[in-house]
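Input: a single structure, listed below in structure tokens.
Side chains are part of it too, since the values below use all heavy atoms of this structure and drop only hydrogens, waters and symmetry mates. Every value quoted in this text rests on a predicted model; they were computed, and no experiment measured them. Just so it is clear: chains get the letters A, B, ... in the order the sequence lines come, proteins before strands, and each one is counted from 1.
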Amino acid sequence: MHELMNTAREALHLLLSFDPALWEIIGVSFRVSLTAILVALPPALLIALLLARVAFPGRWFAISLVNTFMAVPTVVVGLVLFMLLSRSGPLGELRLLFTQRAMIIGQILLAMPVLTAMLHSTLQSIDQRAWETARQLGAGWWQSLWVLIREARFGVIAAVLAAFGRIIAEVGSAVMIGGNIEHFTRTITTAIALETLKGEFAQGLALGLVLLLLALVLNVLLGVMRGRGHQTVSI
Amino acid sequence: MLEVSQLAHGFGRQPALWEIPYLQWQGHTLVHLRGDNGSGKTTLLRLLAGLETPRQGTIRWTWAEAMPASPPCPGRVLYLHQQPYLFDTSVAGNLRYVARWNGWRGTTARDRVAAMLERCGLAAHAQQRARSLSGGERMRLALARAWLLSPRVLLLDEPTASLDRQAIADVSTLISSLHEAGCAIVLSAHQSSVLTERCDEYWCLEQRCLQVNAFKQEVAV
Amino acid sequence: MLTRRLSLFATLALSLLLVSGAQAADIVRLATTTSTYNSGLLDYLLPKFEEDHPYQIQVIPVGTGKALRLGRDGDVDLVLTHAPAAEKAFVDADYGVEPHGVMYNDFVIVGPSGDPAAIDGGEDATNAFATLADEGATFISRGDDSGTDKKEKHLWEEADVTPDFKGFRAAGQGMGEVLKMASELQGYTLTDRGTWLAMKDKLDLEIMVEGDTALFNPYQVILVNPQRYDGLNTQGAQALAEWLISDEGQDLIDAFRLKGKALFHASAGEKIDPTSAVHESD
């Protein structure tokens with residue numbers, strides 16, 4: 001018990017004294033995950049719009065496919081990407097393995113299904129009249145698209161928060177294709193998973209606290225967004 | 001001028017709602033489109049606005065000045081839903097959208113929006129969220145938004161159906177001024193009201209046919 | 001009739017209880033390094049020990065740092081590790097008792113077949129490390145505080161280098177992962193020979209330096225101090241430690257082969273000197 005208290009105290013000290021090693025890891029995590037979300041968002045929006053608004057043959061199959069991808073374990077994504085990016089793999093020439101870019105690619109793959117599925121359901125709930133009204137009042141195709149997304153903004157923000165929460169907390173693909181390299185690809189989760197093997201529990205606990213706090217903030221925001229989203233729909 | 005020939009429309013494999021062999025309308029009057037629920041009034045209005053493609057037949061709008069001849073021609077023939085869709089922003093914001101989409105900038109945009117809010121009695125609500133407005137105010141905002149574009153023809157789907165008496169009076173006054181400003185109007189309504197009393201022309205969807213210029217006395221039950 | 005059945009049942013239950021109780025006491029928990037575990041040495045030794053002794057060994061393969069930590073916390077009964085200075089501190093602080101040298105194995109420096117940094121210096125590990133730093137070559141470090149990591153840190157010190165040159169990457173992972181990473185990135189790394197032999201077929205790497213005495217790696221077995229924690233199986237731990245340094249155990253260690261090569265050299269009775277150049281100073 002005494003030991004546990006000491007570890008907790010040390011963890012808090014690391015956090016509050018802005019220990020550079022600790023905050024560097026947190027920085028890498030946020031940079032990788034935020035970049036992945038930003039890159040994944042536009043294509044996810046387009047696919048979601050396509051699925052929600054355009055009736056094409058095989059649409060229901062495509063929607064099921066997106067939902068299936070959402071259930072793919074992160075280690076499987078990591079494994080497939082590892083095989084692709086490995087020196088002996090088809091994309092080995094790119095020399096991307098064990099870089100932040102490779103991690104970003106992995107997280108894009110993980111974020112896309114979550115984003116697409118949530119955006120699909122939120123865009124589907126937007127009234128058909130919104131598009132007709134915008135088009136009739138002189139909006140171009142892209143302007144109408146933008147106004148549609150703006151009408152769905154709370155749902156879009158909720159989707160982004162949920163996807164961000166998923167990718168920043170995943171460890172499977174981050175370890176396999178990032179490699180937990182200090183100063184380069186060491187993220188919150190890989191550090192917790194692997195640094196603890198050194199017996200450095202305080203750092204692990206501090207990083208765990210950061211994730212916990214992040215989860216709390218994301219969930220509170222999600223709750224607020226859901227509430228506002230419903231309000232918009234019900235009025 | 002509107003010219004319709006051999007027009008028929010229905011949904012899926014169902015038989016056509018109605019057939020209109022021929023219709024010509026000069027496009028100056030205030031028209032009351034009458035018919036029972038389910039007689040296909042909404043469908044006809046949407047077809048005229050170009051929001052649906054007819055199963056059969058042609059619809060042609062022709063204007064004195066050079067313009068795209070067939071629908072859709074945004075800003076020329078506008079259809080308003082029975083429950084108009086208001087964008088989730090302020091009252092003024094809804095009008096600013098229209099200004100932006102039509103390329104108005106700076107003071108031009110600001111002046112036109114402000115003048116329209118004043119004209120439609122919404123100036124006091126400018127900063128209010130559009131979706132917190134009452135039914136009558138919502139319809140007035142939708143009309144204001146359309147009016148910004150100075151349309152030639154407005155197609156109104158049951159504009160007073162779910163409003164109380166005071167709101168009906170306000171909306172009717174606004175529709176009258178729109179008409180006086182040079183906008184032709186076709187409005188559907190299954191019941192007579194202050195507004196339908198003011199119409200100069202009557203179209204009636206009955207037994208899958210459109211009767212044009214039926215006498216006012218015959219229509220008013 | 002009924003009483004007979006009851007007494008039979010009671011006897012049965014009691015004997016089951018005794019058996020399960022005895023089984024619990026029979027378990028010996030050994031924390032050891034991934035290198036001994038991955039090489040297959042323990043899978044080869046322990047069944048032979050369990051044949052002749054009433055104990056069942058549970059192996060927890062972790063880095064040396066974690067292994068000593070488990071010992072310090074009383075989570076295991078004994079440790080088998082290879083970081084002499086850390087082990088000395090462990091014993092000096094009374095966390096462990098009765099340290100015994102068991103065996104040696106050795107480390108090798110491996111790198112990409114072309115040897116882009118031109119370190120191929122035969123036997124001089126220190127010189128090779130200095131060249132790596134000068135060239136800014138890609139070097140994958142364990143960076144996980146394991147025995148191998150400590151050995152590597154010591155070699156950097158010997159070479160008078162602060163390992164922060166351009167190509168230096170600390171992975172914080174096990175030997176197998178680090179070798180894979182070195183192969184993928186075509187970099188150099190320090191590895192124990194056992195893991196190297198077990199994995200080299202899957203790697204695009206070659207041995208660059210071997211045979212330097214600075215690369216030798218002594219293993220010690222240490223009992224966790226029974227005075228610090230209740231419920232340790234010190235008797236079992238003692239039996240295992242004594243067996244490892246007995247003639248039988250030592251002969252078996254010498255006879256162990258991985259892919260036809262000897263990995264470990266029995267060394268019980270030889271004195272371990274934590275201040276010698278062979279060992280890290282962490």
Selection from C:L68, C:V178, C:L185, C:L70 maximising heavy-atom pairs under 4.5 Å formed with chain A: C:L185

Chain A contact via C:E177 - side chain, backbone, both or neither, heavy atoms under 4.5 Å: neither

C:R228 CZ: over 12 foreign heavy atoms closer than 6.0 Å: yes

Residue among A:E182, A:H183, A:M176, A:R87 with most heavy-atom pairs under 4.5 Å to chain C: A:R87

Residue pair C:F168 / A:F184: nearest heavy atoms and the distance that separates them: O-CE1, 4.3 Å

Distance, nearest 0.5 Å, that separates CD1 of A:I181 from CD of C:Q173: 8.5 Å

Portion of C:S141 that has a non-hydrogen atom of chain A nearer than 4.5 angstrom: neither

Between CD on residue C:E184 and CD1 on residue A:I177, distance to nearest 0.5 Å: 12.5 Å

Greater than 12 external heavy atoms within 6.0 Å of C:D230's CG: no

More than 12 heavy atoms of other groups within 6.0 Å of A:F69 CZ: no

Cation-pi, A:F98 ring and C:R169 (6.0 angstrom, 45 degrees): no

Whether over 12 other heavy atoms sit under 6.0 Å from C:K259 NZ: yes

